[in-house]
Amino acid sequence: MTFLQIQGLSAFYGRTQALFNCSFDISEGEFVALLGSNGAGKTTMLRAISGLLPFKGSITYDGKHLEKVAAQKRLELGIVHIPQGRGTFTEFTVDENLSLGATIVASRSQIKADKEQWYEAFPRLKERRDQLAGNLSGGEQQMLAVARGLMSRPRLLMCDEPSLGLAPSITQEILKTFKALNRDHGMTLLVVEQNVDITLQYADKAFVLEAGQIVASGSAEEMVNNEDIKKSYLGAVR
Ligand SMILES: Nc1ncnc2c1ncn2[C@@H]1O[C@H](COP(=O)(O)OP(=O)(O)OP(=O)(O)O)[C@@H](O)[C@H]1O
Ligand SMILES: [Mg+2]
C-alpha cells in the first residue's frame, strides 16, 4: 500500500523554483534513498514533506493530503525530519537532547522507556548520556540527532545526509542502524545520501533528483547496475 505519495510536486524559494513536477511513491516499511548532486533539490524535497516549505502539487501521507496540514501536525502524524548538519543542542547534555526530542509523547514513563530503548540501540550515547552534546564527536552527534528524532516516534523518518563529514566506517554504522530500525520497527525511511554505493547496500530502492526533477528510480539492485548512475554517482562522491 502506498504510504507516501508525491504527485506533481513543485517547490519555490520566493520566485526561484527548486522542484519541478516531481512524482514518486513510497510503501510503508520501505527504506528509500534520495540521491542527487549538490543543489539538486534533495533538502528541498524533505522540507516540503515535513512542512517547512510550501509546495504546489500533492503529498499524500497515510491517506491524508498534507497540503493544509501544518508542520507541527505532520510531526504528530509521525513525519520526522532530521535536518542536514545535525542540529543537536550543543549546550545541553545527551540525555537532555533526547528529552527535547520527545515532542509528542505525553507521559514521563513513556519518555523514559523510549530513551532506554534508544540507548540500547546507541550504546555510545548511553555511555555519554550526561556529556554535553557539543563535546561529542561528529559521528556521535549524528547518532544523537537520529536518536532525538526517534523520540518523536516516527512512522516516516527522513534524514538529510546523516554521513556528512563522517568516515566511511561511521557511515556504515549509521546506515546499519537505519536498516535495523526499518527491519525491527517497520519504520519507513527516506534518507538523503551522497555516499551512494554504501547507501545502496542498505536501501530497498532509490530516487535520483537532478536540477529539481526526478530523473531515475528503481530498486537498489537496478541502481547499482545502471550505467548512467554508475557513471554519475557510484564511487564519484565520498
Ligand atoms: N533558502 C533558500 N533560498 C533560496 N534558494 C534556495 C534555498 N535553499 C536552497 N535553495 C536553492 O534550491 C536548490 C535546491 O537546493 P537544496 O538545498 O534542496 O539542494 P540539495 O540537493 O539538498 O543540495 P546539497 O547536496 O548541497 O545539500 C538550489 O539551487 C539552492 O540554491
Ligand atoms: Mg541538502
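In each ligand, atom 1 is the first atom listed, and ligand 1 is the first ligand listed. Throughout, residue positions are numbered sequentially from 1 according to the sequence presented. Note that the coordinates shown come from a computational prediction; the quantities given were computed from them, not determined experimentally.
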Tell me, which protein residue and heavy-atom name are nearest [atom], and how many Å apart are they?
atom: atom 4 (C) of ligand 1; value: Tyr13 CB, 3.3 Å
atom: atom 26 (O) of ligand 1; value: Asn38 ND2, 3.0 Å
atom: atom 16 (P) of ligand 1; value: Thr44 OG1, 3.5 Å
atom: atom 25 (O) of ligand 1; value: Lys42 NZ, 2.7 Å
atom: atom 23 (O) of ligand 1; value: Gly39 N, 2.8 Å

[X] heavy atoms, cut-off 4.0 Å: which ligand 1 atoms fall inside?
X: Ser37; answer: 21 (O)
X: Gln194; answer: 25 (O)
X: Gln84; answer: 27 (O)
X: Arg47; answer: 8 (N)
X: Glu161; answer: 24 (P), 25 (O), 27 (O)
X: Thr43; answer: 17 (O), 18 (O), 20 (P), 22 (O), 27 (O)

Is the side chain of [X] donor-acceptor paired with the backbone N or O of [Y] at a distance under 3.5 Å, no angle test?
X: Arg148; Y: Leu100; value: no
X: Thr93; Y: Glu96; value: yes
X: Tyr61; Y: Leu77; value: yes
X: Lys42; Y: Gly36; value: yes

On a heavy-atom basis, which atom in [X] and which in [Y] lie closest, and how many Å separate them?
X: Val94; Y: Tyr119; result: CG1-OH, 4.0 Å
X: Asp25; Y: Ile6; result: OD1-N, 4.4 Å
X: Ile82; Y: Val146; result: CD1-CA, 3.5 Å
X: Ala133; Y: Asn97; result: CB-ND2, 3.5 Å
X: Leu19; Y: Gly41; result: CD2-O, 3.6 Å

Q: Return the orientation label for the Phe31 and Phe178 ring planes: parallel under 30°, perpendicular over 60°, tilted otherwise.
A: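 Perpendicular: the ring planes of Phe31 and Phe178 meet at over 60°.
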Q. Which of these, Asp184, Ile174, Leu189, Asp204, sits in a side chain to side chain contact (heavy atoms under 4.5 Å, CB included) with Lys179?
A. Asp204
So is [X] close enough to ligand 1, meaning a heavy atom under 4.0 angstrom away?
X: Gly14; answer: no
X: Met45; answer: no
X: Gly36; answer: no

Q) Under 4.0 angstrom from atom 30 (C) of ligand 1, is there any protein heavy atom? A)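 Answer no: nothing from the protein, no heavy atom, is under 4.0 Å.
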Q. Under 3.5 Å, is there a donor-acceptor pair between the Glu193 and Ser163 side chains?
A.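 Yes, a side-chain donor-acceptor pair sits under 3.5 Å.
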Q. Purely on distance, is any nitrogen or oxygen of Ala18 under 3.5 Å from one on ligand 1?
A.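 N/O-N/O distance under 3.5 Å: no.
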(Q) Return the CG to CE distance between Leu150 and Met187, rounded to the nearest 0.5 Å. (A) 5.0 Å
Q | Metal site the Mg ion (ligand 2), protein N/O/S atoms found under 2.8 Å | A |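 Protein N, O or S neighbours of the Mg ion (ligand 2) under 2.8 Å, waters not counted, come to 2.
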(Q) Can you tell me which residue among Glu30, Glu221, Glu222 is in a salt bridge (charged side-chain N to carboxylate O under 4.0 Å, His left out) with Lys205? (A) Glu30
